[in-house]
Enquirer: 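A single structure is presented below for examination.
On a predicted model such as this, the values are computed, not experimentally measured, just so you know.
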Amino acid sequence: MTEKLLQLSKRERFFAKLGRDLRERAIEFLLFLAACSSVATTVAIVAILIYESLAFFEKVSLLDFLTDTQWTPLFAEAHYGILPLVSGTLVTTAVALAVALPLGTISAIYLSEFATPQLREVVKPCLELLAGVPTVVYGYFALLFVTPLLQKVIPDLPGFNMLSAGIVIGIMIIPFISSISEDAMRAVPVSLREGSYAMGATRLQTAVRVVFPSAISGITAAYILGISRAVGETMVVAIAAGLQPNLTWNPLEPAATIAAYIVQVSLGDLPHGSLEYQTIFAAGLTLVLMTLGLNIVGHFLSKRYREIY
């Protein structure tokens with residue numbers, strides 16, 4: 001009787017262990033599929049862009065695409081130079097970063113090192129609410145509030161301009177930079193702060209010379225996320241900066257960005273498969289390559305600073 005009970009007990013433990021192993025393998029497989037889904041989605045997007053862009057470049061020279069200074073694919077005398085769209089994208093992104101990087105970094109340092117826990121619990125959620133505002137609202141805010149305000153300072157400023165669009169994009173991406181940077185600085189061990197205080201450093205010196213360099217990897221990731229968000233912004237630029245491709249580096253002038261042009265053409269009545277329709281894939285591939293380049297640079301910078309600090 002005792003031997004039968006022992007055999008039964010061993011059998012039950014065996015099946016219990018087998019069932020647990022099967023459940024763990026199933027969960028591991030589901031997590032693997034979830035991880036692969038993001039990679040598969042990215043690969044599919046890039047594959048579609050490359051496939052459609054190849055059809056475009058069969059009819060348009062790559063040299064003309066990269067060097068022509070006019071972008072008029074919908075005109076009778078068509079030109080397919082991407083430079084006007086690239087310049088508009090880079091100028092609005094530069095203006096946005098000039099606003100977002102200092103304000104986001106200062107906000108992160110204050111919330112991490114100077115704000116009381118009660119104040120942080122109020123300010124941080126309110127700051128993150130900015131990320132939930134629809135971009136079309138930001139666009140009309142730039143057009144109807146920021147632009148008239150700037151025109152009081154710059155009377156010759158046109159109604160559509162890249163300056164107001166860039167400023168509002170900068171305000172829009174502040175939550176991304178400040179929230180992630182603050183989380184990175186809060187993750188710095190308290191022992192580093194205490195060691196700095198023991199050496200006679202002030203709170204500001206500790207924040208700037210100890211905490212900030214120690215969290216530079218996470219802060220760099222926040223910067224890259226903000227830059228990628230600014231490069232791909234659509235509605236703010238479409239509403240406030242105009243939709244006319246213009247090769248200029250002056251933020252006081254109107255221009256169009258790559259993302260805004262894609263939206264403009266996608267909402268039109270162009271037949272699928274036409275050369276004009278395929279321009280959106282060539283422009284989209286350019287935007288993806290720009291974002292990919294920024295992410296690669298950010299990765300290497302983050303890796304380098306991580307090794308230094």
Enquirer: I need the Glu52 CD to Leu285 CG distance, nearest 0.5 Å.
Expert: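 The CD atom of Glu52 sits 11.5 Å away from the CG atom of Leu285.
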Enquirer: Taking a hydrophobic cluster as the set of Ile, Leu, Val, Met, Phe, Trp and Tyr residues connected by side-chain heavy atoms closer than 4.5 Å, whether directly or through intermediates, do Ile173 and Ile106 fall within one such cluster?
Expert: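 No, because Ile173 and Ile106 fall into different hydrophobic clusters, even though each may have its own neighbours under 4.5 Å.
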Enquirer: Taking the side chain from Thr92 and the backbone from Thr89, do they hold a donor-acceptor pair closer than 3.5 Å?
Expert: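 Between the backbone of Thr89 and the side chain of Thr92 there is a qualifying donor-acceptor contact (under 3.5 Å).
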Enquirer: Quick check: do Gln278 and Val60 have side-chain heavy atoms less than 4.5 Å from each other?
Expert: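 Side chain of Gln278 against side chain of Val60, heavy atoms only: no contact under 4.5 Å found.
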Enquirer: Same cluster or not: are Trp71 and Leu289 linked, directly or through other Ile, Leu, Val, Met, Phe, Trp or Tyr residues, by side-chain heavy atoms under 4.5 angstrom apart?
Expert: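 In one cluster: yes.
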Enquirer: Looking only at atom types and distance, does a side-chain atom of Glu233 sit under 3.5 Å from a main-chain N or O of Met235, one as donor and one as acceptor?
Expert: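 It does hold such a pair.
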Enquirer: For the residue pair Gln205 and Gly200, what are the closest heavy atoms and their distance?
Expert: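 Minimum heavy-atom separation between Gln205 and Gly200: OE1-O, 4.4 Å.
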Enquirer: Only one of Val237, Ile82, Thr279, Leu287 clears side-chain contact (heavy atoms from CB on, under 4.5 Å) with Tyr261; which?
Expert: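 Among Val237, Ile82, Thr279, Leu287, the one meeting side-chain contact (heavy atoms from CB on, under 4.5 Å) with Tyr261 is Thr279.
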Enquirer: Any donor and acceptor pair, going by atom type alone, linking the side chain of Ser181 with main-chain N or O of Ser178 inside 3.5 Å?
Expert: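 No: the side chain of Ser181 does not pair with the backbone of Ser178.
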Enquirer: Between Phe65 and Phe56, which heavy-atom pair has the shortest distance, and what is it?
Expert: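 Between these two residues, the closest heavy atoms are CD1-CE2, 3.8 Å.
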Enquirer: Rounded at 0.5 Å granularity, tell me how far CG in Asn250 sits from CE in Met162.
Expert: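 Going from CG on Asn250 over to CE on Met162, the span is 6.5 Å.
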Enquirer: Taking all atoms of both residues into account, what is the closest heavy-atom pair of Ile174 and Ala100, and its distance?
Expert: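 In terms of heavy atoms, the two residues are closest at CG1-CA, 3.9 Å.
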Enquirer: Taking side chain as C-beta onward, heavy atoms only, is Arg186 less than 4.5 Å from Arg120?
Expert: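 When only atoms from C-beta onward are counted, Arg120 and Arg186 do touch, with a gap below 4.5 Å.
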Enquirer: Going by heavy atoms in the side chains, are Leu83 and Asp68 under 4.5 Å from each other?
Expert: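 Not touching, per the 4.5 Å side-chain cut-off.
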Enquirer: Do Ile27 and Glu24 come within less than 4.5 Å of each other through their side chains, counting heavy atoms only?
Expert: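 With C-beta onward as the side chain, the pair stays apart.
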Enquirer: Do the side chain of Asn161 and the main chain of Pro158 share a donor and acceptor less than 3.5 angstrom apart?
Expert: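 Yes: the side chain of Asn161 pairs with the backbone of Pro158.
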Enquirer: Shortest non-hydrogen contact from Tyr140 to Ile239?
Expert: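 Closest approach of Tyr140 to Ile239: CE1-CD1, 3.9 Å.
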Enquirer: Residues in ring-ring contact (aromatic ring centres under 6.0 Å, His included) with Phe141, at least two apart?
Expert: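 With neighbours one apart ignored, the set is Phe145.
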Enquirer: Working to the nearest 0.5 Å, report the span between OG1 of Thr116 and CG of Leu111.
Expert: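 Between atom OG1 of Thr116 and atom CG of Leu111 there are 10.0 Å.
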Enquirer: Taking C-beta and beyond as the side chain, do Lys124 and Asp183 meet within less than 4.5 Å on heavy atoms?
Expert: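 In short, these two side chains touch, coming nearer than 4.5 Å.
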Enquirer: For residues Ile48 and Ile50: do they belong to one hydrophobic cluster (side chain heavy atoms under 4.5 Å, members Ile, Leu, Val, Met, Phe, Trp, Tyr)?
Expert: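 Same cluster.
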Enquirer: Start with the C-alpha gap between Ile177 and Leu101, add the side-chain angles, then the distance that decides, and say whether side-chain contact (heavy atoms from CB on, under 4.5 Å) holds.
Expert: CA-CA 7 Å; Ile177 296 174; Leu101 292 187; 3.6 Å; yes
Enquirer: Could you give the distance from CG (Leu149) to CG (Leu144), rounded to the nearest 0.5 Å?
Expert: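 Going from CG on Leu149 over to CG on Leu144, the span is 12.5 Å.
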Enquirer: Using only atom types and a distance under 3.5 Å, with no angle test, would you say the side chain of Gln151 pairs donor to acceptor with the backbone of Leu157?
Expert: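 Yes: the side chain of Gln151 pairs with the backbone of Leu157.
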Enquirer: Would you say that Met185 contacts Ile219 through its side chain, given a criterion of any heavy-atom pair below 4.5 Å between the two side chains?
Expert: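 They are in contact (side-chain heavy atoms under 4.5 Å apart), so the answer is yes.
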Enquirer: What do the steps show when you test Val46 against Leu292 for side-chain contact (heavy atoms from CB on, under 4.5 Å), and what is the final call?
Expert: CA-CA 11 Å; Val46 174; Leu292 179 62; over 6 Å; no
Enquirer: Using the rule that Ile, Leu, Val, Met, Phe, Trp and Tyr join whenever any side-chain heavy atoms are under 4.5 Å apart, tell me whether Val153 and Leu150 fall into a single cluster.
Expert: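 Yes.
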Enquirer: Distance check, rounded to the nearest 0.5 Å: Thr105 atom OG1 versus Tyr223 atom OH?
Expert: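 Rounded to the nearest 0.5 Å, the OG1-OH separation comes to 2.5 Å.
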Enquirer: Answer yes or no: is there a donor N or O on one side and an acceptor on the other, between the side chain of Ser164 and the main chain of Phe160, under 3.5 Å?
Expert: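 No: the side chain of Ser164 does not pair with the backbone of Phe160.
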Enquirer: Does Leu225 belong to the same Ile/Leu/Val/Met/Phe/Trp/Tyr cluster as Ile216, with side-chain heavy atoms less than 4.5 Å apart forming each link?
Expert: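 Linked, Leu225 and Ile216 end up in one cluster.
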Enquirer: Any side-chain to backbone donor/acceptor pair from Ser87 onto Trp249? Under 3.5 Å, distance only.
Expert: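 No, because the side chain of Ser87 does not come within donor-acceptor range (under 3.5 Å) of the backbone of Trp249.
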Enquirer: Is there a side-chain contact between Glu182 and Tyr110 (heavy atoms, below 4.5 Å)?
Expert: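 No, their side chains stay 4.5 Å or more apart.
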Enquirer: Do Ser196 and Thr206 get their side chains close enough for a donor-acceptor pair, meaning under 3.5 Å?
Expert: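 Yes.
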Enquirer: Quick check: closest heavy atoms across Pro175 and Leu130, and the distance to 0.1 Å?
Expert: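 For Pro175 and Leu130, the tightest heavy-atom pair comes out as CG-CB, 3.4 Å.
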Enquirer: Any idea which heavy atoms bring Ala240 and Ala165 closest together, and the distance?
Expert: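 Of all heavy-atom pairs spanning Ala240 and Ala165, the closest is CB-CB, 4.0 Å.
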Enquirer: To the closest 0.5 Å, what do you measure between CG (Leu204) and CD1 (Ile109)?
Expert: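 If I round to the nearest 0.5 Å, the distance is 8.0 Å.
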Enquirer: Whether the side chain of Arg193 engages the backbone of Val188 through a donor-acceptor N/O pair (distance < 3.5 Å, no angle test) should be reported.
Expert: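 Checked: pair present.
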Enquirer: In terms of the angle between their ring planes, are Tyr277 and Phe281 parallel, tilted or perpendicular, with boundaries placed at 30° and 60°?
Expert: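 Rings of Tyr277 and Phe281: perpendicular, as their planes differ by over 60°.
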